[in-house]
Amino acid sequence: MSEPMKYILDEKDIPTHWYNIVADLPKPPAAVRHPATGEPCTADDLRPLFPDALIAQEMSAERQIEIPGEVRDILRLWRPAPLYRARRLERALDTPAHIYYKYEGVSPAGSHKPNTAVPQAFYNKAAGVRRLSTETGAGQWGSSLAMACNFFGLECKVFMVKVSYHHKPYRRALMETYGASVTASPSEETAAGRSILARDPECSGSLGIAISEAVEVAAQRDDTKYALGSVLNHVLLHQTVIGLECFKQMEMAGDEPDVIIGCAGGGSNFAGISFPYIGRKLRGGRGPRIVAVEPDACPTLTRGRYAYDYGDTAKLTPLVKMHTLGSSFVPPGFHAGGLRYHGMAPLVSHVLDLGLIEAVSAPQLEVFEAGVRFARAEGIVPAPEASHAVAVALREALRCKEEGRPRVILFNLSGHGHFDMQAYTDYFAGKLKNYAYPEQEIAMALAGLPSIVD
Ligand SMILES: *Cc1c(COP(=O)(O)O)cnc(C)c1O
């Protein structure tokens, strides 16, 4: 009983401020540009979509931004999130590595996404907004926003990628339980949806298409604004509570991470755990290696281009400079819906470009094998997205074993897989395959990038 397995903080240890990495970067990130003119965006350009407080955070270079009391009061439902030492996994691998994981699956929706859904709903409510529209792929973001909207008495309209709408009925039921209205995308409700369906009535949808529909609805109605679950600066900002809590918990454990690992879809949970550590290094402190993990089938950071692109298929969103596979990219239907986005957060793209982080990709079968191994050692069944981080943590732990060198590994377990059991069933039935996106198709999608240089 002498060795602790988890490190638990008090409610009073929930961070009082979010950490904004922009304040510490050696070079500022590229400007966001208007989709029609290509000129740098002003706050006015973003006002149809977001409330002023979030626009200010989006453009802020202030290091610390205070978390409103009302937001902290809801975060208390699941925060601080536990940090575990994976002792049983270490023994199963027979590795000298110390493996730690921060577990974000303790939130009511089962992932890190409520960390930003709650402040986004709060600032919209405070600005007098009545309704939020959004998109969701696998349903993690939609259920998080549905929960947060319900807490603040906002209506929530979710465009859910059609293939998930049919394959993940329980995520849809969860959103409806929180009171949201869910529409399969592409839909007949928007011009963007109708134009896709006119060309391809069987279209099974993509995140890029669902974003177009949600943005269109928000831009048209005065009482409705738009909310995004990843990618944007303010979303990454809200997720920094993850890494800030880890500082204290790693101190309790008496260890310092040598490497920090996170899976990256749009980049928010990865930024959440790593940006506070990158900031400390930039301010002259100690610095671990930082590794972002993405699927072979959607290799944005490892095979995409760092260029200006749209965030959606209909080219309604502002242009942002990011690692992208092209906004026309429709990823294959692999089982980590949360990682199937054509772009990557501009701030994550920027820190990769500055050489502050590394990026690797992992094939689907290695990811599921790692997820099962983790579940059998630690008991928690990881979401397939989170299993990407697990897979690379296992690679690092096994390397420690080969080299006979102890190293401290910290990774973010971004969510549990209780709504993803069909994927596990398919894996056990031998139905999953590895799928690397063909070079030719990447080249084709990239050929359509807008020609903007900064
Ligand atoms: C949405 C999601 C992700 C990917 O999104 P990021 O913005 O890259 O964090 C990862 N893990 C889980 C469990 C998710 O729900």
Side-chain angles (χ1 to χ4, degrees), residues 78 81 101-117 120 134-147 158 160-161 164 168 171 174-175 207 210-211 227-243 260-275 291-295 298-301 311 322-323 331 334-349 351-352 357 359 361-362 367 371 374 380-392 411-420 423:
W78 66 94
Y101 59 96
K102 179 73 163 169
Y103 184 41
E104 290 293 320
V106 291
S107 81
S111 76
H112 64 289
K113 291 203 174 74
N115 296 336
T116 182
Q120 289 193 48
T134 197
E135 72 292 325
T136 197
Q140 290 268 21
W141 168 241
S143 35
S144 303
L145 192 69
M147 179 187 81
V158 183
M160 185 173 191
V161 176
S164 309
K168 304 200 98 185
R171 272 281 167 202
L174 183 58
M175 290 184 255
L207 266 181
I211 294 175
L228 187 62
S230 187
V231 178
L232 298 177
N233 299 355
H234 67 266
V235 180
L236 275 52
L237 175 80
H238 298 158
Q239 294 296 352
T240 56
V241 291
I242 302 173
I260 295 181
I261 301 163
C263 68
S268 73
N269 88 87
F270 168 75
I273 194 164
S274 66
F275 279 11
V291 184
V293 189
E294 60 185 11
C298 191
T300 318
L301 285 171
M322 60 182 175
H323 283 84
F334 63 93
H335 280 289
L339 305 182
R340 295 178 62 206
Y341 183 60
H342 69 271
M344 182 56 62
L347 280 176
V348 171
S349 296
V351 294
L352 178 65
I357 65 167
S361 75
V367 165
F374 183 85
I380 299 170
V381 178
E385 293 87 354
S387 292
H388 286 74
V390 177
V392 171
F411 72 90
N412 194 37
L413 194 68
S414 52
H416 67 63
H418 297 177
F419 289 96
D420 304 285

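No experiment lies behind these values; they were computed from the predicted model shown. Residue numbers start at 1 and run along the sequence shown. One-based numbering, in listed order, for ligands and for the atoms of each.
- For the residue pair N269 and E385, no side-chain donor N or O sits within less than 3.5 Å of a side-chain acceptor on the partner.
- The residue from K113, H416, E104 that puts a heavy atom closest to atom 2 (C) of ligand 1 is K113.
- With hydrogens left out, the protein atom closest to atom 13 (C) of ligand 1 is S414 OG, 3.4 Å, a heavy atom.
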Apply side chain to side chain contact (heavy atoms under 4.5 Å, CB included) to H234 and L228, showing your working.
-> CA-CA 10 Å; H234 67 266; L228 187 62; 6.0 Å; no

Would you please test I211 and Y341 for side chain to side chain contact (heavy atoms under 4.5 Å, CB included) and show each step?
-> CA-CA 11 Å; I211 294 175; Y341 183 60; 3.7 Å; yes

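- Residue-ligand proximity, A264 to ligand 1, at heavy-atom distances under 4.0 Å covers atoms 8 (O).
- Side chains of F275 and V351 form a contact here, defined as non-hydrogen atoms less than 4.5 Å apart.
- The closest donor-acceptor contact from the side chain of Q239 to the backbone of I273 lies at 3.5 Å or more, if one exists at all.
- Residue-ligand proximity, Q140 to ligand 1, at heavy-atom distances under 4.0 Å covers atoms 13 (C), 15 (O).
- Within the 4.5 Å cutoff, no side-chain heavy atoms of I261 are placed close to those of N412.
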Residue pair M160, M175: steps toward the side chain to side chain contact (heavy atoms under 4.5 Å, CB included) verdict | CA-CA 11 Å; M160 185 173 191; M175 290 184 255; 3.7 Å; yes

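- Here is the list of ligand 1 atoms found below 4.0 Å of a heavy atom in E385: 10 (C), 11 (N), 12 (C).
- The atoms of ligand 1 that sit less than 4.0 Å from any heavy atom of H112 are 2 (C), 3 (C), 9 (O), 10 (C), 11 (N), 12 (C), 14 (C).
- Side-chain contact check for H416 versus V106: every heavy-atom pair is 4.5 Å or farther apart.
- For the pair L339 and ligand 1, the shortest N or O to N or O distance does not fall below 3.5 Å.
- Ligand 1 has a nitrogen or oxygen under 3.5 angstrom from a nitrogen or oxygen of G265.
- In this structure, the protein non-hydrogen atom closest to atom 9 (O) of ligand 1 is N269 ND2, 2.7 Å.
- For atom 4 (C) of ligand 1, the closest non-hydrogen atom on the protein side is G338 O, 3.3 Å.
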Show your reasoning for whether side chain to side chain contact (heavy atoms under 4.5 Å, CB included) applies to E135 and L207.
-> CA-CA 7 Å; E135 72 292 325; L207 266 181; 3.9 Å; yes

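- Distances below 4.0 Å separate heavy atoms of G415 from the following atoms of ligand 1: 13 (C).
- Between S230 and ligand 1, at least one pair of N/O atoms sits closer than 3.5 Å.
- Ligand 1 has a nitrogen or oxygen under 3.5 angstrom from a nitrogen or oxygen of G266.
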